[in-house]
Novice: 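Got a structure for you, questions after.
Numbers here are sequence positions counted from 1.
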Amino acid sequence: MAINWFPGHMAKARNQVQEKLKQVDVVLEIVDARTPEASRNPMMNQIVGQKPRIMVLNKQDLADPEITKQWVAYYKGFGYEAIAIDAQHAKRLNQIPQLAKKLMAAKIAKQKSRGIKNPAIRAMCIGIPNVGKSTILNRLIKKNVAVTGNRPGVTKNQQWLKADETFQLLDTPGILWPKFEDEMIGKKLALTGAIADSVYQEDIVGMYGLQFFRENYTESFRRAYGLNADDLALSDADLMIHLAKKNGFADNYNRMAERIIFDARQGKFGRYTLEKPEAENDANA
């Protein structure tokens, strides 16, 4: 499944981000805590360069809490600051400005020595679509200024927003890449809703969801669909057909695949994370 989705405004946004970096002290790289690596643009290091960075793992309320802790430690191991938050419910958001000030402590001290009483930190908020950038910004500035929406590609323009006198934020459109070289990345992003529904095949993504949940969150998956041991012993294809019949879709495999995608996004299988740090280390070894 080759997913290609690179609207013109995203190409423009990438160029705008690189231009604005000169005005920025800190980069807030927002990722989905359920897919921390899949939801990172592989061009991000190239785009951001050596700017101080805070990895913000958003939607932690939807992710597996133990694996989220592993990811935070993983990113800290690369020298980044890292924090897991739930922007929707404003949990731990106030720690982001504190981390930014920690990273910029030397610059702040230097500016104060020059007589600047309240030096302002300028942060860029960046990430792929639908990881919650605009929600984070709205919560930090305590206003609904940044446009939000539960679909990718909502933010189209860049704008500076003031959280307080010492912390300013730049919203940026979500930047995807021209083509997912690894089809697994496409499946993960499609399952969590990070890419438009029109650019992937529901049957392939739904089957990926079935395989993942039955293997990694077996009990939650079993309870969600009322399955027994015999059901779980079926092959993936047979289990999909069984579920289709059980849920009133007759032999409509695609309808059941769509249902699995919907249920995953709605949290029917509980909190989950689609990738683990050790797996990423093995893949990059």
Side-chain angles (χ1 to χ4, degrees), residues 9-32 36-37 39-58 72 75-76 78-85 87 92-148 153-177:
H9 75 266
M10 290 189 180
K12 180 182 176 182
R14 185 177 64 187
N15 295 332
Q16 289 177 335
V17 164
Q18 291 177 311
E19 291 171 9
K20 291 283 187 181
L21 274 171
K22 302 169 190 173
Q23 306 171 28
V24 169
D25 298 307
V26 179
V27 170
L28 308 181
E29 185 179 348
I30 316 301
V31 299
D32 188 323
E37 281 297 292
S39 61
R40 292 187 77 194
N41 188 316
M43 297 185 294
M44 197 62 72
N45 289 340
Q46 175 188 340
I47 294 170
V48 173
Q50 298 302 310
K51 284 286 181 182
R53 195 180 319 186
I54 301 174
M55 296 298 304
V56 181
L57 285 74
N58 191 27
V72 168
Y75 290 125
K76 286 183 176 180
F78 283 94
Y80 304 135
E81 288 293 338
I83 184 172
I85 67 166
R92 304 190 74 201
L93 271 172
N94 63 332
Q95 293 183 33
I96 292 177
Q98 295 171 15
L99 287 175
K101 289 170 185 176
K102 176 183 173 183
L103 281 175
M104 290 291 102
K107 181 176 180 178
I108 291 171
K110 187 175 182 180
Q111 289 179 321
K112 285 185 175 179
S113 70
R114 293 176 175 174
I116 302 173
K117 292 183 179 179
N118 295 306
I121 295 173
R122 301 190 107 188
M124 175 183 285
C125 199
I126 193 168
I128 72 167
N130 211 29
V131 291
K133 297 184 309 301
S134 295
T135 300
I136 290 171
L137 288 162
N138 286 336
R139 295 289 188 272
L140 284 171
I141 67 172
K142 299 178 176 62
K143 293 179 183 177
N144 289 325
V145 176
V147 180
T148 62
V154 172
T155 304
K156 296 292 192 300
N157 301 305
Q158 296 182 332
Q159 54 183 327
W160 281 104
L161 306 168
K162 185 180 287 188
D164 57 41
E165 292 303 318
T166 62
F167 194 59
Q168 297 176 18
L169 294 141
L170 179 65
D171 189 11
T172 63
I175 305 175
L176 274 170
W177 46 105

Novice: From Y80 OH over to E29 CD, what is the distance, rounded to the nearest 0.5 angstrom?
Specialist: 7.0 Å
Novice: To the nearest 0.5 Å, tell me how far Q98 CD sits from I54 CD1.
Specialist: 10.5 Å
Novice: How many angstroms lie between SG in C125 and CG in L161, if you round to the nearest 0.5 Å?
Specialist: 9.5 Å
Novice: Nearest heavy-atom pair of R92 and A84: which atoms, and what distance?
Specialist: NH1-O, 3.1 Å
Novice: Side chains of R53 and I126, heavy atoms from C-beta outward: is any pair under 4.5 Å?
Specialist: no
Novice: Could you give me the CA-CA distance, side-chain angles and deciding distance for Q168 and D25, then say whether side chain to side chain contact (heavy atoms under 4.5 Å, CB included) is met?
Specialist: CA-CA 10 Å; Q168 297 176 18; D25 298 307; over 6 Å; no
Novice: Hey, are the side chains of P119 and K107 touching, using non-hydrogen atoms and a 4.5 Å cut-off?
Specialist: no
Novice: Between CG of L93 and CG of N138, what distance do you get to the nearest 0.5 Å?
Specialist: 10.5 Å
Novice: What's the shortest heavy-atom distance between S39 and V31, and which atoms?
Specialist: OG-CB, 3.4 Å
Novice: Locate the shortest heavy-atom distance separating A120 from E165; write the atom from each residue and the value.
Specialist: CB-O, 3.7 Å
Novice: Let me confirm one number: the NZ-CG distance from K162 to L169, rounded to the nearest 0.5 Å.
Specialist: 12.0 Å
Novice: Can you name the one residue among I108, T166, L103, V24 that meets side chain to side chain contact (heavy atoms under 4.5 Å, CB included) with I121?
Specialist: I108
Novice: What closest approach, in Å, do A82 and Y75 show between heavy atoms, and which atom pair accounts for it?
Specialist: CB-CB, 4.0 Å
Novice: Please determine which of V26, L28, L21 meets the side chain to side chain contact (heavy atoms under 4.5 Å, CB included) test together with M124.
Specialist: L21
Novice: Quick one: does any side-chain atom of T135 pair with a main-chain N or O of A87 as donor and acceptor, under 3.5 Å?
Specialist: no
Novice: Any sub-3.5 Å donor-acceptor pair from D32's side-chain atoms to V131's backbone N or O?
Specialist: no
Novice: What residue among Q95, K76, K102 forms side chain to side chain donor-acceptor pair (under 3.5 Å) with E81?
Specialist: K102
Novice: To the closest 0.5 Å, what do you measure between CE (M44) and CD1 (I47)?
Specialist: 5.5 Å
